[in-house]
Protein chains: 2
Amino acid sequence: MATKRRTEPLTPRTSAARVTVKDVAKLAGVSLGTVSNALNRPTLVAPDTLAKVQAAVDQLGFVRNSAAHQLRGGRSNSFGAIVVDASNPHVAAAIRGLEDAIHTRGASLVVCSSDGSADRERRYLQMLEEQRVQGIVITPVDRGVRRLEALRERGTAVVLLDHASAAGDFCSASVDHALGSELSARHLFDRGHRRIAFVNGPLNLRQCSARRRGARRAAATAGLNPDDAIVELNLTSISALGEVPALIEKVCAAPRGERASAVLCLDDAVALVVLRVLAEHRLRVPRDISVIGYDDVAYAALLAPALTSVRQPTYELGQAAGQLLVAEIHDGYHVHQHLNFQPELILRESDSARARLNRYDPRGG
Amino acid sequence: MATKRRTEPLTPRTSAARVTVKDVAKLAGVSLGTVSNALNRPTLVAPDTLAKVQAAVDQLGFVRNSAAHQLRGGRSNSFGAIVVDASNPHVAAAIRGLEDAIHTRGASLVVCSSDGSADRERRYLQMLEEQRVQGIVITPVDRGVRRLEALRERGTAVVLLDHASAAGDFCSASVDHALGSELSARHLFDRGHRRIAFVNGPLNLRQCSARRRGARRAAATAGLNPDDAIVELNLTSISALGEVPALIEKVCAAPRGERASAVLCLDDAVALVVLRVLAEHRLRVPRDISVIGYDDVAYAALLAPALTSVRQPTYELGQAAGQLLVAEIHDGYHVHQHLNFQPELILRESDSARARLNRYDPRGG
DNA sequence: AAATGTCATTGACACGATTCAATGACCTCG
DNA sequence: CGAGGTCATTGAATCGTGTCAATGACATTT
């Protein structure tokens, strides 16, 4: 799989002795305290002394040891993020937002993927606390937050990321999952749809039950009976794409008067499969049936028809989490906030301007 | 955009005084040294003493201060990664691999996005060196690696990530971009294609020129004249998707005998647009014309027709970079290695089993 | 010129964990 | 009984930086 190519025959480890303030002081001909002042409170030191110190620093390549700094000062300058999987695109965007938020404070971010393992989460929490990070943004593996409460008790700020545990006494930043599906369902009902199919995930997942709640709310708001207006089709797992065709076939096979005129999808990947199955059935989108995705991945806009989808402000989510953390650390006292970000419906071509109620044309014309 | 909801009226900052080994020692009725031994070399200490120390640790919630540990021991237990943008899916996957590689050593990873800014890169390098990270994996912003050489001279290991500077005297891990397009082009030539279009990015980008090189190499291997066999269509920017339709129209408009029978794409997003434009021209894929993407994004397999694409082993890339780093740190002396990862052609439906040479049927039948 | 004040610099101490030579307790063997 | 050995424990020294009270040099005021 990988090609190794050898280049240099051998490189001795030039373990150059680390240079300390003491070395700098000696070279500059001043005392340790003066070097420290020059570095941290330059106004206190005479201009020419400053120059000498600066020269010595440059010449020796001195780099301050932040461990010693931290030991003296009592406080590190880094933060931690514990997420389920940092390679998930959503999560990666949130982490990026978080990184930017704390980078403006000159701090750095330790990224940890728990992989859903409570054990891995615990190990990472331990490591971060040992490092005396100022704060941790975490999507906890399980509901128990006792450990996090103890952590904060001991002085580490904690903010929950996309975890609806309003129970826990923490700041939190999340996306309003219920609102996401409410927006798209409402949009469809407003346009005249009276019966929509909803390909959702298993309802024991928080997001999925929230999504269901939102859709039903939209139906109720439109004066419809949710049980009639929404055909619920639940996958047994969030990634069980293979089950989608069968579910959609069921939709297509429904009697004329009852066939759903739109399909709400768990995510854009599901929407893609839905589009394919509908095409196989010679149903035109959006003319015969509307389709709305979720996530607004990069390719949604490139499809034919371009996919209407729900965008989640994940970068902003992470950024806000970082700001909450900074606020919690800065404020002497503190009011816990729950920031609930609103997803946004991105209208494109895959939903019809007006539902052609339950007309079914097998020739696709 | 965000909804604030206030919950707790006010939370006093319970700044519990940090507990140190001294406190533990006092409570356990032993000396500092014994506590330290109990924690780090438990075999040296008597079982019942061990139990007493353990009890004191638990009762007080002692967590070791890694700054002090590091200060004494001289070495931190963390690594740094400086990439252009950690939210890019490729990069996120590589970072995840890196994280896993060093997590097995009980170390943690500081993630830094340079955003292509030399200034940001410099600030992050400074921070990481102050933290005395054991090593840094970096995709440098520019070609200059002087700063990195100085860094290593001062004792920090450095590995280059997906940066073809074989010039620099560093370990590196990269993906063989030339091979990626060579594989897909060779596949097409093997199947009988004699003239293919290649939608590439601007050639001043390393990856793009490498890709061109690979495609031409494949043509030459097949005994063809690269200038005839490959119709080069270059975007002015790597993200200029808007230019794609015009380029493809040019392909379609070519005289019968000269029309390319396949399109190689810069990435899967481009491939998606290509598929759409071809459909508008009533060209069937793969029957009339083949299409091959690049990146193998999640949705490639879901398209109709499922997209043949080139997968890059990005997770493994990051993982390998981490292992190189660890090796460089561990080995007393060290041979620099350049690991060049091979992309993989994932065959699906969008390329024809055999090219139907230049047949053009405007009715799509 | 003495008194007061300003400014720059100094150096001992603190931070918290680890290490190691030294000490003490206890056992064993001759 | 004493010499020698094993085992557990001790506490002072150390890592590199920041802090602060103290010192000294020099200028200003009366």
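Residue numbers begin at 1 in each chain, while the letters A, B, ... track the order of the sequences. Values in this document were obtained by computation on a predicted structure and should not be read as measured data. Computed over heavy atoms, backbone and side chain alike; hydrogens, waters and symmetry mates excluded.
Between the side chain of B/R72 and the base of C/dT18, a donor-acceptor pair under 3.5 Å is found.
Atom CG in A/L60 sits roughly 15 Å away from atom C1' in D/dG16 (whole-Å rounding). Taking atom CD of B/E130 as the reference point, atom C1' of D/dG16 lies 13 Å away to the nearest angstrom. The separation between A/L39 atom CG and D/dG16 atom P is 15 Å, rounded to whole Å. Atom pair A/R18:CZ and D/dC15:P shows a separation of 16 Å (rounding to whole Å applied). One atom, NZ of B/K52, and another, P of D/dA8, lie 14 Å apart when rounded to the nearest Å. Whole-Å rounding puts the A/D23 CG to D/dT17 C1' distance at 13 Å. Between B/K22 atom NZ and D/dG11 atom P the separation is 12 Å, expressed in whole Å. Rounded to whole angstrom, the span from the CD atom of A/Q70 across to the C1' atom of D/dC15 amounts to 14 Å.
By the 4.5 Å heavy-atom criterion applied to side chains, A/V53 and A/V30 are counted as neighbours.
Taking 4.0 angstrom as the limit, A/S36 places a side-chain polar atom (N or O) nearer than this to OP1 or OP2 of D/dG18. Of the side-chain N and O atoms in A/R75, none sit less than 4.0 angstrom from OP1 or OP2 of C/dC15. One finds no side-chain N or O of A/N65 lying less than 4.0 angstrom from the OP1 or OP2 phosphate oxygen of D/dT17. Between B/S31 and D/dT10, a side-chain N or O to OP1/OP2 separation shorter than 4.0 Å is present. B/R41 has a side-chain polar atom (N or O) that falls below the 4.0 Å cut-off from OP1 or OP2 of C/dT19.
Positionally, the nearest nucleotide of DNA chain C for A/P47 lies more toward the 5' end than for the other of A/L32 and A/P47.
Nucleic acid contact class of B/T20 (heavy atoms, under 4.0 Å, all strands): sugar-phosphate only. Across all strands shown, A/V30 has heavy atoms under 4.0 Å from sugar-phosphate atoms exclusively, and none from any base. Across all strands, B/G33 comes closer than 4.0 Å to base atoms (heavy-atom distances).
Proximity note for B/V45 (side chain, C-beta onward) versus D/dT9, C/dT18, D/dG18: the nearest is D/dT9. Candidate nucleotides C/dC15, D/dT9, C/dT18 were compared by shortest atom distance to the side chain of A/L71, and C/dC15 ranks first. In the set C/dG16, C/dT10, D/dA8, C/dT10 carries the atom at the smallest distance from any side-chain atom of A/N37.
For the pair B/R152 (side chain) and B/D169 (backbone), a donor-acceptor distance under 3.5 Å is present.
Under 4.0 Å is where a charged nitrogen must lie from a carboxylate oxygen, and between B/D48 and B/K52 no such pair does. Checked for salt-bridge contact, A/D142 and A/R147 miss the test: no charged N lies under 4.0 Å from a carboxylate O. Between B/R154 and B/E130 there is no salt bridge, since no side-chain N of the basic residue sits under 4.0 Å from a carboxylate O of the acidic one. Taking a cutoff of 4.0 Å between a charged side-chain nitrogen and a carboxylate oxygen, A/D23 and A/K26 do not qualify as a salt bridge.
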